[in-house]
There are 2 protein chains.
Amino acid sequence: MTHHGLMIDDIDRRIIRLLREDGRRTVSDIAIEVGLTVAPVKRRIDRLESSGVITGYTAQIDMTKMDSALEAVVELRVAGNLDLEMILAVAEDVPEITEVLALAGDPDAIARIQAENIHDLQRVVNLLRTNGRVTGTKTLVVLDSWSRYG
Amino acid sequence: MTHHGLMIDDIDRRIIRLLREDGRRTVSDIAIEVGLTVAPVKRRIDRLESSGVITGYTAQIDMTKMDSALEAVVELRVAGNLDLEMILAVAEDVPEITEVLALAGDPDAIARIQAENIHDLQRVVNLLRTNGRVTGTKTLVVLDSWSRYG
DNA sequence: GCTGAAATGCTTGGACG
DNA sequence: CGTCCAAGCATTTCAGC
């Protein structure tokens, strides 16, 4: 059996690491770092993007620095097999839900919520609970957070 | 009591949303979107960065598209009061740990791990368990994931 | 796969109303 | 907040090895 994914070499890995550390690094800066010229680095980044390894770029936000911002993690338990689509059917339309993970174990999934206040949070949790196959939730308010690439 | 944080108005919020959707958007593009010129938008972004609302920019990576990549969530239970620094003392030196959340409730914290394989995962979980005040862990392998800004 | 060069456009800083 | 200007870079594309 051969690789089904893309071939990723060490230079690709270094490019990925550099772009994780700073998603706004310029191509020419990266080129210097990895010891190539701009053109091949640009081609590699384009390939990583179009093949879905790099799915996008985003600004990292410290919600605690904003007025009345609240982050929470909601553990979800689901009847029967979990397919992520079921949760996403709700999540995509609720802007407060920023991320969903389907898990092997208990809980079956985790949703992350960024709400303006506790009432917003309650509303979003209720939306998740309303989903027919969600049998239970546990909401955990985030007190502090750290991210490697933040 | 007055606001301790920065004053963030609606335009700031739109800028943040645009940069979350695409962290590489140009200032001039954002200026068009929010109906201002480049100079004030640049000033706002600089202010959001230096005040710590925007903590950085990063590329979003789909680990499943790379060879042998595995993501997991580890729930942590801790003796006594949790201060995040305690966990971070371990996490910062372990590149597989990408994020740590301190929570109000049970579990006391969550760590996210990106490992090459199951042995890497085991090693990292053991590093966390070795911390004197971690009394228990539960490891959940991520089967599928979705992120709004990804 | 790579280098190198040219045209275009963006960014950054400053001065000013 | 806006405009304008100017210098410096980055991006992008197109050649060629």
Undergrad: Does this structure show an ion pair linking A:Asp9 with A:Arg44, if we count only N-O contacts that are shorter than 4.0 Å?
TA: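 Judged by the 4.0 Å cut-off on N to carboxylate O distance, A:Asp9 and A:Arg44 do form a salt bridge.
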
Undergrad: Using a cut-off of under 3.5 Å, enumerate the N/O to N/O pairs linking the protein to nucleotides 7-12 of chain D.
TA:
unit_1: D:dA10; atom_1: OP2; unit_2: A:Ser28; atom_2: OG; d: 3.4
unit_1: D:dA10; atom_1: O5'; unit_2: A:Ser28; atom_2: OG; d: 3.3
unit_1: D:dT11; atom_1: OP1; unit_2: A:Val27; atom_2: N; d: 3.3
unit_1: D:dT11; atom_1: OP2; unit_2: A:Val27; atom_2: N; d: 2.8
unit_1: D:dT11; atom_1: OP2; unit_2: A:Ser28; atom_2: N; d: 3.3
unit_1: D:dT12; atom_1: OP2; unit_2: A:Lys42; atom_2: NZ; d: 3.4

Undergrad: Answer yes or no: is there an ion pair linking B:Glu99 with A:Arg112, defined by an N-O contact shorter than 4.0 Å?
TA: yes

Undergrad: Heavy-atom count around B:Glu33 CD within 6.0 Å, excluding the residue itself: above 12?
TA: yes

Undergrad: Do side-chain atoms of A:Thr135 reach the backbone of A:Arg77 as a donor and acceptor pair under 3.5 angstrom?
TA: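 Side chain of A:Thr135 to backbone of A:Arg77: a pair is present.
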
Undergrad: Decide, yes or no, whether a salt bridge links A:Asp120 with A:Arg123 under the criterion of side-chain N to carboxylate O below 4.0 Å.
TA: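 Answer for the salt bridge query: yes.
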
Undergrad: Answer with yes or no whether the side chains of A:Tyr57 and A:Glu49 bring together a donor and an acceptor at under 3.5 Å.
TA: yes

Undergrad: What closest approach, in Å, do B:Val74 and B:Thr139 show between heavy atoms, and which atom pair accounts for it?
TA: CG2-OG1, 3.9 Å

Undergrad: Heavy atoms within less than 4.0 Å of DNA chain C: which residues of residues 47-56 of chain A have one? Give them sorted by number.
TA: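 The answer is none.
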
Undergrad: So with a 6.0 Å cut-off around CG of A:Asn81, is the heavy-atom count from everything else above 12?
TA: no

Undergrad: Any carboxylate oxygen within less than 4.0 angstrom of a Lys/Arg side-chain nitrogen, looking at A:Arg43 and A:Asp46?
TA: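 Here A:Arg43 does not pair with A:Asp46 in a salt bridge, since their nearest N and O are not under 4.0 Å apart.
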
Undergrad: Between which nucleotides of DNA chain C, 5' to 3', does chain A make heavy-atom contacts below 4.0 Å?
TA: C:dG1 to C:dG4

Undergrad: Please walk me through it: do A:Leu82 and B:Leu143 pass side chain to side chain contact (heavy atoms under 4.5 Å, CB included)?
TA: CA-CA 10 Å; A:Leu82 172 72; B:Leu143 301 175; over 6 Å; no

